[in-house]
Amino acid sequence: MARIIAGVTSSHVPAIGAAIDLGKTEEPYWKRVFSGFEKSKEWMAKAKPDVVIEVYNDHASAFSVEMIPTFALGCAAEFPPADEGWGPRPVPVVKGHPKLAAHIAQSVILDEFDLTIVNKMEVDHGLTVPLNLMFGSPKEWPCPVIPLAVNVVVFPPPTAHRCFMLGRAIRKAVESYPEDLRVVVMGTGGMSHQISGPRAGLINSKFDKAYLDAIANDPLKLTRISHVEFMREAGAEGIEMVMWLIMRGALDDKVKEVYRFYTVPASNTAVGHIILENIPRAAAKVKRPPVGKKTVAGRSSKPKRAAAHRVKHDTVRTKR
Ligand SMILES: [Fe+2]
């Protein structure tokens with residue numbers, strides 16, 4: 001059975017990609033940013049996932065205003081880097097995992113999340129910059145990556161709550177895939193930033209740090225943040241942070257925070273990053289009666305527990 005072992009969030013600032021491509025990572029301004037990801041690369045090298053599911057947004061590279069899918073899952077065998085105006089980034093072609101992606105599409109759509117299936121797509125900095133931050137700059141990316149593009153560019157983006165619930169559905173899909181794969185889910189974008197208008201340059205570190213706290217320990221609280229609140233507190237482009245909730249919904253309720261990094265600024269954006277691990281179930285020390293043993297109520301424990309688990313994750317509802 002496939003399982004999700006951890007979740008990672010990271011900003012995907014395009015200037016970070018330019019700094020890598022132009023050899024500026026050792027310059028003092030950029031070293032401050034990149035040094036925050038040294039431990040992350042070590043963690044990823046040890047985690048060695050078989051597959052990464054990466055939630056990101058396209059920046060008018062693969063999609064334009066002519067076609068705006070809310071959720072688009074990359075099911076192709078490969079995804080070349082997009083030309084974002086300066087030629088494609090000099091990064092490896094992203095290899096997909098068509099079988100797992102097709103399985104996720106089927107499971108999630110039958111769970112009533114209407115994904116767009118994408119069989120041909122180029123990927124921009126939104127996807128490739130976080131790969132660099134977590135894997136460095138190898139000749140080939142070390143594992144397949146399934147892109148999940150989310151519309152956070154044209155109103156209306158999906159709600160925070162919808163994103164969290166999609167994460168739940170993705171976890172269910174992964175856990176029903178028969179092959180024994182270790183999966184890491186990455187949620188990218190943010191943190192606070194606004195790139196145009198009278199509030200251009202806005203950074204709200206207080207909001208960002210509270211968001212990092214809650215993404216680890218109280219994600220349901222974040223599902224109640226409205227679009228207007230995101231824009232008011234984190235700037236117009238701060239809405240990208242809804243994508244972190246797809247990652248978080250795919251993890252267990254309680255997780256282990258293994259690393260966090262926050263710095264301001266990179267270009268005009270606050271950079272936030274966190275690594276959360278699912279606690280291995282054997283180590284979770286859950287007190288429960290042996291399978292099949294009669295409970296106090298006289299019923300077998302196994303079906304009741306399984307049913308409770310499914311209801312919990314299929315019907316979480318929060319105040320909005
Ligand atoms: Fe972005």
Side-chain angles (χ1 to χ4, degrees), residues 8-21 30 33 37 52-65 67-74 79 81-86 88-89 91 94 118 121-134 145 147-160 163 185-197 199-204 207-208 211-212 215 222 225 227 230-231 233-248 261-274:
V8 174
T9 67
S10 166
S11 307
H12 61 217
V13 184
I16 293 177
I20 295 168
D21 301 343
W30 287 111
V33 175
F37 289 87
V52 163
I53 300 170
E54 185 171 350
V55 186
Y56 77 110
N57 70 286
D58 177 77
H59 303 75
S61 302
F63 309 118
S64 69
V65 289
M67 180 174 54
I68 307 165
T70 300
F71 298 116
L73 190 71
F79 306 92
D83 183 346
E84 299 180 62
W86 298 271
R89 289 196 61 218
V91 293
V94 173
V118 186
M121 181 168 68
E122 295 181 346
V123 288
D124 68 13
H125 70 271
L127 186 114
T128 59
V129 163
L131 291 181
N132 283 128
L133 292 172
M134 296 306 297
V145 177
L148 173 58
V150 180
N151 168 43
V152 290
V153 174
V154 178
F155 190 84
T159 63
C163 288
V185 182
M186 292 174 61
T188 74
M191 298 193 84
S192 59
H193 65 302
Q194 178 152 337
I195 57 176
S196 60
R199 298 202 309 159
L202 177 145
I203 300 278
N204 185 346
F207 178 88
D208 291 340
Y211 202 91
L212 282 162
I215 202 85
L222 302 180
I225 300 178
H227 290 137
F230 269 115
M231 290 182 72
E233 298 298 325
E237 280 71 34
I239 189 68
E240 288 184 345
M241 280 187 271
V242 293
M243 295 187 290
W244 292 26
L245 285 165
I246 297 178
M247 176 285 294
R248 188 62 183 87
F261 174 64
Y262 182 80
T263 189
V264 174
S267 184
N268 52 9
T269 304
V271 171
H273 165 53
I274 199 165

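Order of listing sets the numbers, starting from 1, for every ligand and every atom in it.
Excluding waters, the protein N/O/S atoms found under 2.8 Å from the Fe ion (ligand 1) are H12 NE2, H59 NE2, E240 OE2.
For T70, there are no side chain to side chain donor-acceptor pair (under 3.5 Å) partners two or more places apart in sequence or in a different chain. For A72, the side chain to side chain contact (heavy atoms under 4.5 Å, CB included) partners are F63, P69, T116, V118, A149, not counting sequence neighbours. Scored by the side chain to side chain donor-acceptor pair (under 3.5 Å) test, S192 finds D208 as partners (sequence neighbours excluded).
Checked against a 6.0 Å centroid threshold, the rings of H273 and F37 count as neighbours.
Counting only distance, with no hydrogens or angles, the side chain of E237 and the backbone of I195 share a donor-acceptor pair below 3.5 Å. Within the 3.5 Å criterion, the main-chain N or O of H125 finds no donor-acceptor partner in the side chain of H59.
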